[in-house]
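All ligand and atom numbering here is 1-based and tracks the order in the structure.
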Amino acid sequence: MSHSNQELAAASNEVFMGTYARYPAAMVSGQGCCLTDADGRQYLDFLSGISVCSLGHCHPEVTRTIQEQAARLVHVSNLYYTEPQTELAQLLVANSFADKVFLANSGAEVNEAAIKLARIAAGPGRYQIISLTGSFHGRTLATVAATGQPKFHQGFEPMPEGFIHAPFGDLSAIEALINETTCAILCEPVQGEGGVRPLPADYLLGLRALCDQHQLFLIMDEIQTGMGRTGTLFAHEQMGVTPDIMTLAKALGSGLPIGAMLATKEIAAAFTPGTHGSTFGGNPVAAAAAVTTLKIMLADGFLPQVKIQARYLEERLQELAGRFPRLLSGVRGLGLIQGLVLTEAGVAVGGAMVKRMFEKGCLINFAGNAVLRFLPPLIVSQEEIDQFADIMGQVLSEF
Ligand SMILES: *Cc1c(COP(=O)(O)O)cnc(C)c1O
């Protein structure tokens, strides 16, 4: 039974709730940086399932791992131990600031876990989390409350208590919000959904200092920026700031749903049996995929190569920004999360540009109503970057 894009889109719209505005393509297979749809059209994927398929689609070693683990053991309760999740946690601890790990199935879930851990570790009466305007932390009620963009709250009020937002980049404003109920500051090293906005290094240092001064936890949401995306395993490594709690998901399992919440042992000690849990968290198949993913990323030469490709992508983007000043005001990002910042005239046609890119066989998106966002697989080649930049140039010249 094979269906066309149009048939699949119509059938899907019939039975699904309307949470997604989808492009008219049903993807059927992927290889490296390339996706193929139901009509046999190919796409150059510069989104990677929004920073998920960082090793490219169907990386052969990850595929083999998934197949072998699926044939051995797919699920047991967290009442028992399994080797894949143990090995994953060992790898995460060995390669980060953290001593302890909690595994769940998605970004929002590990942010929920981080919020719960911060509250219980801080003690009674200290529950307030300060996050930043423009941030994105997930779609569950607590994580949407932490998200600093009103459009995600609308219609779902009242928001759960204990979340406030500080204006991006303003240290004195955030200090003014700290009171005896505050337990943590939560931030992304580079705001992804908010429009590829890196936090300035001195601002991050300032947040760390405020946390130390007021005995707050610094929680870093590295769900989009972690797992090699910026050229180091975690983005904060190149920003001179270490968090107390960190969350990972997206690329962790190369597309299998898994998230990890990491913390120092002093903070993690607040989670005792019964305080938190997850049925599927650390599922053997997802955990095995994550172990293979991490091993590939930690192998010699992988992360340095990400930095090389990132520099090349940035160069090509700067060239475009120089060529189209009416539409583009600049380039921003870190490593292989990059954005072309749109001028007012550019923002007005941002959605249309993404659509034209799609029609020309290249997948990107429009983030934060401000930038064209690029998240190619970390294994992207220079030729693929050139191919993308050429198409991007053609599309920009149409507007
Ligand atoms: C995607 C994302 C989330 C939410 O992850 P889900 O797996 O969709 O729940 C949270 N924080 C950041 C920074 C993200 O990019």
Side-chain angles (χ1 to χ4, degrees), residues 19-20 22 47-54 102-118 129-149 151-153 156 163 165 168 184-199 204 207 218-230 233-236 239 243 245-262 278 280-283 286-287 289-290 293 333-339 364-368 370-371 373-376 378:
T19 51
Y20 307 110
R22 305 197 211 230
L47 257 193
S48 308
I50 321 224
S51 202
V52 169
C53 304
S54 285
F102 176 83
L103 295 175
N105 315 288
S106 67
E109 266 185 87
V110 286
N111 278 342
E112 287 270 348
I115 292 163
K116 284 181 72 177
L117 179 62
I129 313 254
I130 306 176
S131 53
L132 305 181
T133 54
S135 62
F136 181 83
H137 298 296
R139 303 288 202 148
T140 61
L141 269 176
T143 60
V144 93
T147 292
Q149 301 185 62
K151 69 175 182 194
F152 292 106
H153 301 169
F156 301 111
F163 298 92
H165 308 112
F168 182 97
I185 294 175
L186 165 64
C187 65
E188 301 152 85
V190 179
Q191 290 190 341
E193 305 305 307
V196 192
R197 275 203 297 184
L199 268 58
L204 252 183
L207 293 181
L218 180 60
I219 308 174
M220 279 204 194
D221 177 342
E222 290 238 25
I223 289 166
Q224 189 158 155
T225 55
M227 303 307 294
R229 173 57 56 188
T230 65
L233 192 58
F234 310 117
H236 70 260
M239 296 174 143
I245 301 173
M246 171 171 71
T247 52
L248 303 171
K250 291 212 160 88
L252 179 59
S254 284
L256 288 203
I258 186 165
M261 191 270 288
L262 287 71
S278 164
F280 293 121
N283 167 281
T293 301
L334 189 67
L336 283 177
I337 172 170
Q338 290 288 337
I364 64 165
N365 90 333
F366 185 31
V371 311
R373 179 173 51 169
F374 314 113
L375 295 157
L378 305 182

Visitor: Which pair of non-hydrogen atoms, one from A287 and one from G282, has the smallest distance, and what is that distance?
Guide: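 Shortest heavy-atom contact: CB-O, 3.9 Å.
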Visitor: List ligand 1 atoms under 4.0 Å from N111, heavy atoms only on the residue side.
Guide: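 Here the atoms of ligand 1 in question are 10 (C), 11 (N).
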Visitor: What is the minimum heavy-atom distance between P243 and L218, and which atoms define it?
Guide: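 For P243 and L218, the tightest heavy-atom pair comes out as CB-O, 3.5 Å.
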Visitor: Output yes when E193 and R373 qualify as a salt bridge under the 4.0 Å nitrogen-oxygen rule, no when they do not.
Guide: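 Judged by the 4.0 Å cut-off on N to carboxylate O distance, E193 and R373 do form a salt bridge.
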Visitor: At what distance is the nearest protein heavy atom to atom 11 (N) of ligand 1, and which residue and atom is it?
Guide: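 I find the closest protein heavy atom is D221 OD2, 2.7 Å.
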Visitor: Tell me yes or no: between the side chains of T293 and S254, is some donor less than 3.5 Å from an acceptor?
Guide: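 A donor-acceptor contact under 3.5 Å links the two side chains.
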Visitor: If only side-chain N and O atoms count, and only distance matters, is there a donor-acceptor pair under 3.5 Å linking S48 with S51?
Guide: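 S48 and S51 do not have a side-chain donor-acceptor pair below 3.5 Å.
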Visitor: When you check the side-chain N and O atoms of T247 and N111, is any donor under 3.5 Å from an acceptor?
Guide: yes
Visitor: Within the 4.0 Å heavy-atom shell around Q224, which atoms of ligand 1 are there?
Guide: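 With Q224 as reference, the close atoms of ligand 1 come out as 15 (O).
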Visitor: Using a 4.0 Å heavy-atom threshold (strictly under), name the region of E109 that reaches ligand 1: side chain, backbone, both or neither.
Guide: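 Neither part.
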Visitor: Of the backbone atoms (N, CA, C, O) and the side-chain heavy atoms from C-beta on, which set of H137 has a member under 4.0 Å from an atom of ligand 1: side chain, backbone, both, or neither?
Guide: backbone
Visitor: Say whether A249, considering both its backbone and side-chain N or O atoms, lies within less than 3.5 Å of an N or O atom on ligand 1.
Guide: no
Visitor: Looking at ligand 1, does any of its N/O atoms fall within less than 3.5 Å of an N/O of G107?
Guide: yes
Visitor: Which residue holds the protein heavy atom closest to atom 9 (O) of ligand 1, what is that atom called, and what is the gap in Å?
Guide: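 That would be A108 N, 2.7 Å.
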Visitor: For ligand 1, which atoms sit closer than 4.0 Å to a heavy atom of E188?
Guide: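 That gives atoms 13 (C) of ligand 1.
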Visitor: Could you identify the single nearest non-hydrogen protein atom to atom 14 (C) of ligand 1 and state the distance to 0.1 Å?
Guide: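 Checked against all protein heavy atoms, atom 14 (C) of ligand 1 sits closest to K250 NZ, 2.9 Å.
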Visitor: With the threshold set strictly below 4.0 angstrom, can you tell me whether any protein non-hydrogen atom sits that near atom 5 (O) of ligand 1?
Guide: yes
Visitor: Are M220 and I245 close enough, and set up right, to give a side chain to side chain contact (heavy atoms under 4.5 Å, CB included), and what steps lead you there?
Guide: CA-CA 6 Å; M220 279 204 194; I245 301 173; over 6 Å; no
Visitor: Can you establish whether the number of heavy atoms outside F152 located under 6.0 Å from its atom CZ is more than 12?
Guide: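 It does: F152 CZ has more than 12 such atoms within range.
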Visitor: Tell me which part of I50 gets within contact of ligand 1: side chain, backbone, both or neither, using heavy atoms under 4.0 Å.
Guide: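 Looking at I50 and ligand 1, no heavy atom falls under 4.0 Å.
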